[in-house]
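FYI, the numbering just counts along the sequence from 1. Everything numeric in this text was worked out from a predicted model, so none of it was measured.
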Amino acid sequence: MMSYGYKPELSEGAVKCPIFQTSTFVFQSAEEGKAFFEIAYGKRAQLPNEELGLIYSRINNPDLEILENRLCLWDQADDCAVFESGMSAISTVLLEFLKPGDLLVHSNPVYGGTDHFIHHFLPKIGVHTLGFQAGEDQEAIEARIQESPYADRLAMIYVETPANPTNDIIDIECCRKIADHLKDQNEHVYVAVDNTYMGPLWQHPLQWGADLVIYSATKYIGGHSDVIAGAVLGNKELMTRVKTLRTFLGNMAGPWTGWLLMRSLETLKIRMEQQQANAIEVAHFLKDHPKVASVHYLGLIPKESPDFELFQKQYEGPGAMLSFMIKGGEEEAFRFLNALKLIKLAVSLGSTESLAEHPKTMTHAGMEEEQLEAFGISDSLIRLSVGVEYAQDIIYDINNALDQV
Ligand SMILES: Cc1ncc(COP(=O)(O)O)c(C=O)c1O
């Protein structure tokens, strides 16, 4: 994460990759400019060892390319595209792989912004949508899809696992099986996974058969609550499509965002490991607190639960995101949130400082009342993103705030 893909000799020997704050790049000759555009616009295949030269920062930029190459390592992907937000990464994937008449099957719940795009934008362009919930097995999901009048147009299964904010988990390998089982003779059914909650460390969806993995890089990848960004990874063929649409929507990240994310990647692993170690302690403290009704955390899945096997298979750690139900309702939840001193009352997640929020009235406020209820996003649910602070300080703050409820 510190040197991969960067050649100091191309940048006056600078140890760190500079910020290439430039909109356009000089070609050495007209012939070279022509060759670069032939590749960028897909007019001919790239020759062996031929690289796409630098053209224009909406198409490519060294800060983005080096960052993308480094991100590929975590998920063992062929290619990556970085965006100016997680939502632009998500919306670009949905727009590229869905067309009018298609059916999108998605897990529930998903991040509020994704939910809005799926339910309020996609129907406007004639895309049909169908949700399923964690806990439904292959047979149940397939039966649901087959009951839909649009079953023969199934084009994508979109999954968020663990789900924000409930930490429900979904079997990606099972989604791949469903996609392959129900695909029309020639059409591939894409499986896309939002892996934001697990960062690139604790879950690798491509390994379980996903075609595309998506991140809000605002979260663990950025990690300092100071940048908004997104990323998509997958094989060469699919990423060429994603990058082409990104070029024409113009929603790529800028060089400054790319540089910030590269700086963040240097500490990604140690940050995330510390956050996870803290979250394990926080979860165990909450579990035994008399004012807490239940804790949703991957590290607390009971061994006898069917989810335990899935957790062990699909995850490399329980992560640092948890949510819990406080005894009472909105009043008690708000009293707790207002009493926190160290933990910041703010949306977003995955950064160095601990953050707490109330999903029902904040991140997921746009969802219908009955949906919120069905997915367990209740008045008493509080979401915690555990940071890198000293664990006992976080617990002290939580304990103190609970005392005031
Ligand atoms: C799971 C998940 N996916 C996607 C997003 C959207 O990312 P961004 O805010 O970077 O656009 C978020 C934002 O909170 C999220 O939590």
Side-chain angles (χ1 to χ4, degrees), residues 85-88 90-91 106-121 131 160-168 194 196-199 215-220 222-230 275 279 282-283 286 291-297 319-387 394 397-398 401-402 404-405:
S85 69
M87 275 316 302
S88 54
I90 293 166
S91 51
H106 64 90
S107 63
N108 268 323
V110 287
Y111 164 64
T114 310
D115 191 81
H116 182 93
F117 193 83
I118 290 176
H119 293 113
H120 297 276
F121 180 78
E160 201 177 292
T161 179
N164 175 3
T166 53
N167 268 337
D168 289 334
D194 180 335
T196 299
Y197 246 49
M198 287 283 124
Y215 293 99
S216 165
T218 313
K219 313 299 193 266
Y220 290 103
H224 296 73
S225 297
D226 57 8
V227 62
I228 300 275
Q275 287 173 265
V282 170
L286 283 170
K291 290 187 185 169
V292 172
S294 59
V295 183
H296 308 300
Y297 181 57
M321 286 303 298
L322 53 92
S323 55
F324 67 96
M325 302 241 245
I326 198 163
K327 285 187 183 158
E330 186 183 286
E331 196 185 333
E332 287 74 12
F334 280 16
R335 203 169 291 173
F336 169 80
L337 290 169
N338 290 335
L340 291 169
K341 289 200 162 70
L342 173 73
I343 301 173
K344 305 285 180 297
L345 170 51
V347 297
S348 201
L349 59 102
S351 50
T352 44
E353 66 280 303
S354 296
L355 300 172
E357 65 113 9
H358 188 246
K360 185 172 174 184
T361 58
M362 298 173 190
T363 41
H364 293 68
M367 283 168 69
E368 305 293 335
E369 187 70 34
E370 71 257 28
Q371 268 192 313
L372 289 165
E373 202 172 308
F375 309 148
I377 307 173
S378 65
D379 288 324
S380 64
L381 190 75
I382 291 162
R383 189 184 79 180
L384 272 182
S385 167
V386 179
I394 305 173
D397 197 30
I398 293 173
L402 283 170
Q404 297 181 48
V405 175

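Scanning both residues, R335 and Q404, for their nearest heavy atoms gives CD-O, 3.2 Å. The two residues S354 and I394 make their nearest non-hydrogen contact at OG-CD1, 3.7 Å. M367 and P109 get closest at one heavy-atom pair: CE-CB, 4.4 Å. Contact between I343 and D397 at its shortest, heavy atoms only, is N-OD2, 2.8 Å. Nearest heavy-atom pair, A279 versus G319, reported as atom, atom and distance to 0.1 Å: CB-O, 3.7 Å. Shown here for A333 and H358, the closest heavy-atom pair between the two residues is CB-CD2, 3.8 Å.
Using a 4.5 Å heavy-atom cutoff, the side chains of K291 and F324 are not in contact. Within the 4.5 Å cutoff, the side chain of S378 has no heavy atoms near those of the E373 side chain. With a 4.5 Å cut-off on side-chain heavy atoms, S348 and T218 count as touching. Counting only heavy atoms from C-beta outward, the side chains of R383 and T363 approach each other to under 4.5 Å. Looking at Y215 and D194, their side chains never come closer than 4.5 Å, going by heavy atoms from C-beta outward. Counting heavy atoms from C-beta on, the side chains of M87 and Y111 come closer than 4.5 Å.
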Working for side chain to side chain contact (heavy atoms under 4.5 Å, CB included), residues D115 and Q371: CA-CA 11 Å; D115 191 81; Q371 268 192 313; 4.0 Å; yes
Residues L286, L402; criterion side chain to side chain contact (heavy atoms under 4.5 Å, CB included); working and verdict: CA-CA 10 Å; L286 283 170; L402 283 170; 4.3 Å; yes
Step-by-step side chain to side chain contact (heavy atoms under 4.5 Å, CB included) determination, L381 to K360: CA-CA 8 Å; L381 190 75; K360 185 172 174 184; over 6 Å; no
Audit row: H116, F121, side chain to side chain contact (heavy atoms under 4.5 Å, CB included) steps and yes/no: CA-CA 7 Å; H116 182 93; F121 180 78; 5.9 Å; no
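Of the N and O atoms on the side chains of S91 and S88, not one donor lies less than 3.5 Å from an acceptor on the other residue. Under 3.5 Å, the side chains of N164 and Y197 contain a donor-acceptor pair of N or O atoms. Side chains of S216 and T196: a donor-acceptor N/O pair is absent below 3.5 angstrom, by distance only.
Within the model, atoms CD1 of I377 and CD of E369 stand 11.0 Å from one another, a figure rounded to the nearest 0.5 Å. Atom CG of residue L340 and atom CG of residue L355 lie 10.5 Å apart, to the nearest 0.5 angstrom. S385 OG to K219 NZ: the interatomic distance, rounded to the nearest 0.5 Å, is 9.5 Å. Here H106 contributes atom NE2 and I118 contributes atom CD1; the two are 5.0 Å apart, rounded to the nearest 0.5 Å. Between F375 atom CZ and D168 atom CG the span is 10.0 Å, to the nearest 0.5 Å. Here the OG1-CG distance, from T166 to L322, works out to 12.5 Å after rounding to the nearest 0.5 Å.
Judged by distance alone, with hydrogens and angles left aside, the side-chain atoms of S380 form no donor-acceptor pair with the main-chain N or O of K327 at under 3.5 Å.
Salt bridge K344/E353: absent, no basic N to carboxylate O contact under 4.0 Å.
When each of M325, E332, E330 is checked for a side chain to side chain contact (heavy atoms under 4.5 Å, CB included) with D379, only E330 meets the rule.
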